[in-house]
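This report concerns only the one structure given below.
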Amino acid sequence: MQTKTTLSKSPIKIEISLDNMPKPVRRVLLVPGDINFHRLNHVIISVFIWENDSSYVFVDNVNRPKTKIGELRGKNIPENQNLLNPKRTYLQRSFLLKGKGAPFQYIYHHKYRWSHTITFQEITPEDLEKYDGKEVLLEYEGINPPENLGGAEAYRVFREIVNNPKNALRDALLEFVDWTPQDLEEEDDSLHLSQWLEDLMEEYEDILEDERWERKHKRNQETIEVD
């Protein structure tokens, strides 16, 4: 159970790195100080352009986790995962304060299990000038691997095949994952991802507003039925 510490509104700076990649794949962001893990999941999906699978978990330690926050859905998922509700748990309380700012992990997609390491960073005055109360992408490095490969080890084998034009599996594998590596300028990619993040978080806000309306409508209906 988390201590009900008042959440600071000051932004939190985090670096998110995709684990075990042959080349760095990382994003650095400012996020609101009161961000919960449900929203943080959507932020990560936005800046890594994952396909928004509903199965994910944040843990303080991959091998022996004491804190597990998220949602696990799909086939062959064990029951009694003891997951904390991501809508009611907060980055600031769980890992910045309680976890004393230690790095933690985010595992996306129960089947493919893409693992990310998240570390807290020191905020600079220049960072604060870019912050307007919403998520901000500060740095970008690396193109995301194809999601449906099945994790970092499969990606390593994939690269060996696609980087060898003589490999008979190359064309079929590229077609299967529907992915073509692109040598884009980092600045252009950063602008693209920044806009992508902004657009998707606006959609997220619309979803939250719809959920609030549905809850209010349901309460009103229950009140009418009782009367």
Side-chain angles (χ1 to χ4, degrees), residues 12-29 31 35-78 81-91 94-96 99 102-121 135 137-159 176-179 181 189 192-194 196-201 203-204 207:
I12 299 171
K13 184 176 180 179
I14 54 175
E15 178 179 277
I16 309 168
S17 298
L18 195 53
D19 296 337
N20 303 314
M21 291 291 101
K23 294 183 179 180
V25 180
R26 53 184 285 275
R27 315 285 187 256
V28 179
L29 302 107
V31 297
I35 191 169
N36 63 25
F37 287 98
H38 185 261
R39 187 179 184 97
L40 182 57
N41 171 61
H42 281 267
V43 170
I44 297 173
I45 286 171
S46 300
V47 294
F48 282 90
I49 315 187
W50 294 127
E51 293 182 5
N52 197 12
D53 181 84
S54 59
S55 185
Y56 67 93
V57 63
F58 294 89
V59 295
D60 56 344
N61 184 293
V62 170
N63 297 319
R64 303 181 66 180
K66 294 181 179 178
T67 300
K68 297 187 294 183
I69 305 162
E71 299 179 89
L72 293 179
R73 299 176 183 176
K75 297 180 180 179
N76 302 319
I77 295 179
Q81 290 292 313
N82 296 319
L83 293 176
L84 296 176
N85 187 329
K87 293 183 179 181
R88 298 179 181 177
T89 46
Y90 299 85
L91 174 63
S94 295
F95 292 135
L96 185 57
F104 60 100
Q105 274 71 42
Y106 166 79
I107 302 169
Y108 168 75
H109 205 298
H110 175 73
K111 180 179 179 181
Y112 301 138
R113 293 187 64 81
W114 291 102
S115 177
H116 311 61
T117 295
I118 303 177
T119 55
F120 294 101
Q121 305 289 313
E135 295 80 4
L137 178 66
L138 298 175
E139 297 178 32
Y140 165 93
E141 183 179 10
I143 298 173
N144 231 43
E147 177 170 329
N148 60 345
L149 279 176
E153 180 59 25
Y155 182 50
R156 182 189 64 78
V157 176
F158 169 82
R159 284 175 58 87
F176 169 74
V177 299
D178 190 24
W179 185 84
D189 271 358
H192 167 72
L193 281 179
S194 295
W196 184 263
L197 172 64
E198 183 177 338
D199 291 346
L200 289 192
M201 294 317 296
E203 291 181 15
Y204 176 82
I207 291 171

Handout entry: Closest non-hydrogen atom pair, L83 against G70
Key = CD1-O, 3.6 Å
Practice task
Return the set of residues passing ring pair (Phe, Tyr, Trp, His ring centres under 6.0 Å) with Y108 (not counting sequence neighbours), or none when no residue passes.
Solution key: W50
Practice task
Say whether, by atom type as modelled, one donor and one acceptor occur between the side chain of W114 and the main chain of L18 under 3.5 angstrom.
Solution key: no
Completion exercise
In short, N85 meets T89 closest at the heavy-atom pair O-OG1, 2.8 Å
Practice task
State whether the side chain of E147 and the backbone N or O of E51 hold a donor-acceptor pair below 3.5 Å, judged by distance alone.
Solution key: yes
Practice task
Indicate the atoms forming the closest heavy-atom contact of S46 with H42, along with that distance.
Solution key: OG-O, 2.7 Å
Practice task
For the residue pair I69 and F104, establish whether any side-chain heavy-atom pair is separated by less than 4.5 Å.
Solution key: no
Problem - Any F158 side-chain heavy atom under 4.5 Å of P145 side chain - result: no
Fill in the blank from the handout: Interatomic distance, NE2@H109 vs CD1@I45, rounded to 0.5 Å, equals 10.0 Å
Handout entry: Pairwise distance CD1(I107) to CZ(R113) - rounded to 0.5 angstrom
Key = 4.5 Å
Completion exercise
What one should report as the nearest heavy-atom pair of L137 and E139 is CD1-O, 3.3 Å
Problem - Flag, side chain of D19 to backbone of T117, donor-acceptor distance under 3.5 Å - result: yes
Handout entry: Side-chain heavy atoms of L91 within contact of L96, under 4.5 Å
Key = no
Exercise for the section: Heavy atoms only: give me the nearest A154-L149 pair and the separation to one decimal. Expected result: CB-O, 3.4 Å
Problem - Spatial distance of atom CZ (R27) from atom CD (E15) [nearest 0.5 Å] - result: 11.0 Å
Handout entry: Minimum side-chain heavy-atom gap F176-N148 below 4.5 Å
Key = yes
Practice task
Please name the pair of heavy atoms, one in K66 and one in D60, separated by the smallest distance, quoted to 0.1 Å.
Solution key: N-OD1, 2.9 Å
Exercise for the section: To the nearest 0.5 Å, tell me how far I14 CD1 sits from I35 CD1. Expected result: 7.0 Å
Practice task
List the steps and the verdict of side chain to side chain contact (heavy atoms under 4.5 Å, CB included) for R64 and V62.
Solution key: CA-CA 6 Å; R64 303 181 66 180; V62 170; over 6 Å; no
Problem - Side-chain touch K23/E141, heavy atoms, less than 4.5 angstrom - result: no
Practice task
Please work out which of the three classes, parallel, tilted or perpendicular, describes the rings of Y56 and Y106, given edges at 30° and 60°.
Solution key: tilted
Exercise for the section: Compare all side-chain heavy atoms of V28 with those of K13 and state whether any distance is below 4.5 angstrom. Expected result: yes
Exercise for the section: Mind checking the CG-CD1 spacing from L29 to I12? Nearest 0.5 Å is all I need. Expected result: 12.0 Å
Exercise for the section: Spell out, as yes or no, whether a donor-acceptor pair under 3.5 Å connects the side chain of Y155 to the backbone of V157. Expected result: no
Exercise for the section: Please round to the nearest 0.5 Å and tell me the distance separating atom CE of M21 and atom OG of S115. Expected result: 9.5 Å
Practice task
Indicate the ring-plane relationship of F95 and F37, choosing parallel, tilted or perpendicular according to the 30° and 60° boundaries.
Solution key: perpendicular
